Amino acid sequence: MNNCVVGNGISLTELADRFGTPLIIYDLGRIEENYKAIKEATGARVLYSIKANPNLAILTFLRKLGSGADAASPGEIFLALKAGFEPGNILYTGGAFRSINDIKYGIDAGVLFNFDSRREFERALSLATGPGLCSSGLTWAMVGGFAPGVMLAGEESKFGMFLDEAVEAYRLARDVGVEEFGIHAMMGSNVLDADYFVKIAELLKGYAEVIEDRVGVRIRYFDMGGGFGIPYKPDEKPLDLNKLSVLRNFFPGELWVEPGRFIVGNAGYLITRVTEVKRKGGKTFVGVDVGMNVLIRPMLYGAYHHIVTCNGGEEREVVDVVGPICENTDKLAINRELPKVRG
Ligand SMILES: Cc1ncc(COP(=O)(O)O)c(C=O)c1O
């Protein structure tokens, strides 16, 4: 971004004048570049992770580019269907411990399921009557939440299951007539080290071999989840996509990936206006007309979002950038050095 001009010469200040603030702008050209970059680097089937941004226009755009969808809730399945995704292109992973109603929603929608525990699979089976869950040849893949990344996270993680339980779950699936199987990993988020993905791929392949050996089924889909990182700060280096090319033809089946952040994370601009600058003791607060009601990540987990001032001068100062919500945690940035602004 140069002087608050983005994409093909679009001025963010002009947009702010025209539409008012706060205003969110998405750069679809950037989203297309990101989608193509990860697809070309890995050679994988891409399932965009809706939780990263469920905007309907973005979902529709990605669907037209050829993406599938990774949904975490009935709401996200609803949006994916609205955006025109075929149920067979929607993988429903959930956040573990799905309610029976949430499972039923996915079954009724006919989407692909990714199970997080053997018990969750049994609960799904209890709903499957008639030509439902796993009769008709297979309308869904058993893509387990058997994530090595999660396994590595150990007992403290609420996600996924250990290998022995996974073997039991695949056995059960085999015994009830499931014919196609996948394996899934979600290994962490915003990882900028490409070697890490290679390591996870090796683990996933190894686990698949154990499952194939012990259960006698063939794993066809290898879903490495999301987690592909992006630089947030100007001095951070991007993920080396060239190194991901070893993932092409790495698996004895089809590779799937579920990028979220990588596709949309650098394609959005939240435009806000300064309401007032308050100097109080040793602190300077720059108040803006957007807060945690619009962007909660900084308050929720201290996420860094880069802030650019469109009208700032040469002089700089360290400030807290704060929103208008009646909570002292409503801070978009704390002790951030920015060009001095008026207000
Ligand atoms: C199952 C699953 N897939 C994909 C993603 C997307 O992750 P990211 O945005 O880091 O690519 C997540 C994020 O939590 C996830 O839980």
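Ligands are counted one by one from 1 in listed order, and the atoms in each one are counted from 1 as well. Quick caveat: nothing in here was measured; it's all calculated off a predicted structure.
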Identify the closest protein heavy atom to [atom]: which residue and atom is it, and at what distance?
| atom | answer |
| --- | --- |
| atom 10 (O) of ligand 1 | Ser189 OG, 2.4 Å |
| atom 1 (C) of ligand 1 | Glu258 OE1, 3.4 Å |
| atom 14 (O) of ligand 1 | Lys51 CD, 3.6 Å |
| atom 5 (C) of ligand 1 | Ser49 OG, 3.3 Å |
| atom 9 (O) of ligand 1 | Arg261 N, 2.8 Å |
| atom 8 (P) of ligand 1 | Gly227 N, 3.4 Å |

| said: Regarding Asp17 and Arg273, does a basic nitrogen lie under 4.0 Å from an acidic carboxylate oxygen? | reply: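 Arg273 and Asp17: salt-bridged.
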| said: Under 4.0 Å between a side-chain nitrogen and a carboxylate oxygen: does that hold for Asp320 and Lys280? | reply: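 Looking at Lys280 together with Asp320, the answer is no, because their closest N to O distance does not fall below 4.0 Å.
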| request: Say whether Ala52, considering both its backbone and side-chain N or O atoms, lies within less than 3.5 Å of an N or O atom on ligand 1. | output: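 N/O-N/O distance below 3.5 Å does not exist for this pair.
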Checking [Y] against [X]: is there a side-chain donor and acceptor pair closer than 3.5 Å?
| X | Y | answer |
| --- | --- | --- |
| Glu180 | Tyr221 | yes |
| Lys39 | Asn34 | no |
| Glu254 | Trp256 | yes |
| Asn190 | Tyr232 | no |
| Thr272 | Asp289 | yes |

| task | Any atoms of ligand 1 less than 4.0 Å from a non-hydrogen atom of Gly260? List them with their elements. | result |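 This gives 8 (P), 9 (O), 11 (O) as the contact atoms.
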| said: I'd like to check which ligand 1 atoms, numbered from 1 as shown, lie under 4.0 Å from a non-hydrogen atom of Pro259. | reply: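 So the answer, numbered in order with elements, is 11 (O).
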